Trainee: 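Mind having a look at this structure? Questions to follow.
Predicted model only: the values in this text are computed from it and were never measured. Throughout, numbering of the chain's residues begins at 1 and tracks the sequence.
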Amino acid sequence: MITRPADLLYSKEHEWLKLEGEIATIGITDYAQEALGDIVYVELPKLGAKLEQFGEAGVVESVKAVSEIFSPIGGEVTEVNSAIESDPALVNREPFAGGWLFKLKVADAAQKDNLLSAGAYDDLVKEA
């Protein structure tokens, strides 16, 4: 079993979130990238886009499937990871590090209470 970073929060849609002050860094989990297989394209949200919690933020395409990316928290997109535009497989290789997708300025930090801890996420994927 993969050890998920305990300092992150997780969504039931298999995204992770790292909150640093009012900025959240968001990516997809190791479980999600493994289920998708080799990622060949990632469509990221536009800078300045306002995202709702659990609203659609982009798309990940793999050799197996196309999957929507949902924002685990609401806010305004402040940065996108341009490295994955030229190397989408970075999401496969480093889902919790260099393969992050986007950052946003959080609109309501209390929304983090709707997310899962690493242990609760582990329980969720065990049942899958």
Trainee: Which heavy atom in Ala6 sits nearest to a heavy atom in Ala118, and how many Å separate them?
Mentor: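 For Ala6 versus Ala118, the nearest heavy atoms are CA-CB, 3.9 Å.
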Trainee: Should Ile28 and Leu101 count as side-chain neighbours, where that means a heavy-atom distance under 4.5 Å?
Mentor: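 Contact flag for Ile28/Leu101 side chains = yes.
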Trainee: Do Val125 and Arg4 touch side chain to side chain, with heavy atoms closer than 4.5 Å?
Mentor: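 Yes, their side chains come closer than 4.5 Å.
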Trainee: Do you know which two heavy atoms are closest between Ala32 and His14, and how far apart they sit?
Mentor: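 Ala32 and His14 have their closest heavy atoms at CB-CB, 3.7 Å.
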Trainee: Are Leu44 and Phe96 connected, step by step, through hydrophobic side chains (Ile, Leu, Val, Met, Phe, Trp, Tyr) whose heavy atoms are closer than 4.5 Å?
Mentor: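 The answer is no; the residues belong to distinct hydrophobic clusters.
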Trainee: Quick one: does Val40's side chain get under 4.5 Å of Pro88's, heavy atoms only?
Mentor: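 Not in contact.
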Trainee: Considering only residues two or more places apart or on different chains, which pairs with a residue in residues 45-61 satisfy salt bridge (Lys or Arg N to Asp or Glu O under 4.0 Å)?
Mentor: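 Only Lys50-Glu76 qualify under salt bridge (Lys or Arg N to Asp or Glu O under 4.0 Å).
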Trainee: Quick one: ring pair (Phe, Tyr, Trp, His ring centres under 6.0 Å) pairs with a partner in residues 37-61, sequence neighbours left out?
Mentor: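 Found none.
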Trainee: Just to verify, what does Phe70 make a ring pair (Phe, Tyr, Trp, His ring centres under 6.0 Å) with, not counting sequence neighbours?
Mentor: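 In terms of ring pair (Phe, Tyr, Trp, His ring centres under 6.0 Å), with neighbours along the sequence ignored, Phe70 is linked to no residue.
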Trainee: Quick check on the hydrophobic clustering: are Ile26 and Leu8 connected, directly or via other members, by side-chain heavy-atom contacts under 4.5 Å?
Mentor: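 Not linked; separate clusters.
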Trainee: Output every pair passing side-chain hydrogen bond (donor to acceptor under 3.5 Å, both in side chains) with a member in residues 79-95, not counting sequence neighbours, ordered by first then second residue.
Mentor: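 Every side-chain hydrogen bond (donor to acceptor under 3.5 Å, both in side chains) pair that includes a residue of residues 79-95, provided the two are not neighbours, is Gln33-Asn92, Asp87-Arg93.
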Trainee: Identify every side-chain donor-acceptor pair in residues 106-113 under 3.5 Å, counting partners at least two apart or on other chains, and give the distances.
Mentor:
from: Asp108; atom 1: OD1; to: Ala110; atom 2: N; distance (Å): 3.1
from: Gln111; atom 1: OE1; to: Gly74; atom 2: N; distance (Å): 2.7

Trainee: Looking at every heavy atom in both Ala83 and Leu90, which two are closest together, and how far apart are they?
Mentor: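 Looking at all heavy atoms of both residues, the shortest contact is CB-CD2, 4.0 Å.
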Trainee: Before giving the answer on side chain to side chain contact (heavy atoms under 4.5 Å, CB included), spell out for Val60 and Val91 the whole-Å C-alpha distance, their side-chain angles and the decisive distance to 0.1 Å.
Mentor: CA-CA 10 Å; Val60 175; Val91 176; 5.8 Å; no
Trainee: Consider only side-chain heavy atoms of I, L, V, M, F, W and Y, link residues closer than 4.5 Å, and tell whether Leu51 and Leu47 are in one cluster.
Mentor: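 In one cluster: yes.
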Trainee: For Lys12, check salt bridge (Lys or Arg N to Asp or Glu O under 4.0 Å) against everything at least two apart and list the hits.
Mentor: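 Lys12: no salt bridge (Lys or Arg N to Asp or Glu O under 4.0 Å) contacts found.
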Trainee: What pairs meet the salt bridge (Lys or Arg N to Asp or Glu O under 4.0 Å) rule with one or both residues in residues 13-28, with sequence neighbours excluded?
Mentor: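 Every salt bridge (Lys or Arg N to Asp or Glu O under 4.0 Å) pair that includes a residue of residues 13-28, provided the two are not neighbours, is Asp7-Lys18, Glu22-Lys105.
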Trainee: Answer yes if Tyr31 and Val42 sit in the same cluster of Ile, Leu, Val, Met, Phe, Trp and Tyr residues linked by side chain heavy atoms under 4.5 Å apart, and no otherwise.
Mentor: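 No, separate clusters.
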Trainee: Rounded to the nearest 0.5 Å, how far does CD of Gln53 lie from CG of Leu17?
Mentor: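 Answer rounded to 0.5 Å: 9.0 Å.
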Trainee: Closest heavy-atom contact between Ile39 and Leu36?
Mentor: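 Of all heavy-atom pairs spanning Ile39 and Leu36, the closest is CD1-CD1, 4.4 Å.
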Trainee: Which heavy-atom pair separates Ala24 from Ile73 by the least distance, and what is that distance?
Mentor: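 Here Ala24 and Ile73 meet closest at CB-CG2, 4.1 Å.
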Trainee: Which is it for Leu19 and Leu9 under the side chain to side chain contact (heavy atoms under 4.5 Å, CB included) test, yes or no, and what are the steps along the way?
Mentor: CA-CA 8 Å; Leu19 197 55; Leu9 296 170; 5.6 Å; no
Trainee: Just so I know, are the side chains of Leu104 and Ser71 near enough to count as touching, which here means a heavy-atom distance under 4.5 Å?
Mentor: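 The answer is yes; the side chains approach within 4.5 Å.
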Trainee: In chain order, what residues pass the ring pair (Phe, Tyr, Trp, His ring centres under 6.0 Å) check against Tyr10, with sequence neighbours excluded?
Mentor: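 In terms of ring pair (Phe, Tyr, Trp, His ring centres under 6.0 Å), with neighbours along the sequence ignored, Tyr10 is linked to Tyr121.
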Trainee: What pairs with Asp38 under salt bridge (Lys or Arg N to Asp or Glu O under 4.0 Å), at least two apart in sequence or on another chain?
Mentor: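 Result, salt bridge (Lys or Arg N to Asp or Glu O under 4.0 Å) vs Asp38: none returned.
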Trainee: For the atom pair OG (Ser11) and CD1 (Ile69), what is the distance rounded to the nearest 0.5 Å?
Mentor: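 Going from the OG atom of Ser11 to the CD1 atom of Ile69 covers 11.0 Å.
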Trainee: What residues, two or more places apart in sequence or in another chain, satisfy salt bridge (Lys or Arg N to Asp or Glu O under 4.0 Å) together with Glu43?
Mentor: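 Expected list: none.
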Trainee: Does any N or O in the side chain of Trp16 come within less than 3.5 Å of the main-chain N or O of Pro95, such that one atom is a donor and the other an acceptor?
Mentor: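 Yes, Trp16 side chain to Pro95 backbone: donor-acceptor pair under 3.5 Å.
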Trainee: Check which hydrophobic residues are tied to Val59 through side-chain heavy-atom contacts below 4.5 Å, counting indirect links as well, and list them.
Mentor: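 Val66, listed by chain and number.
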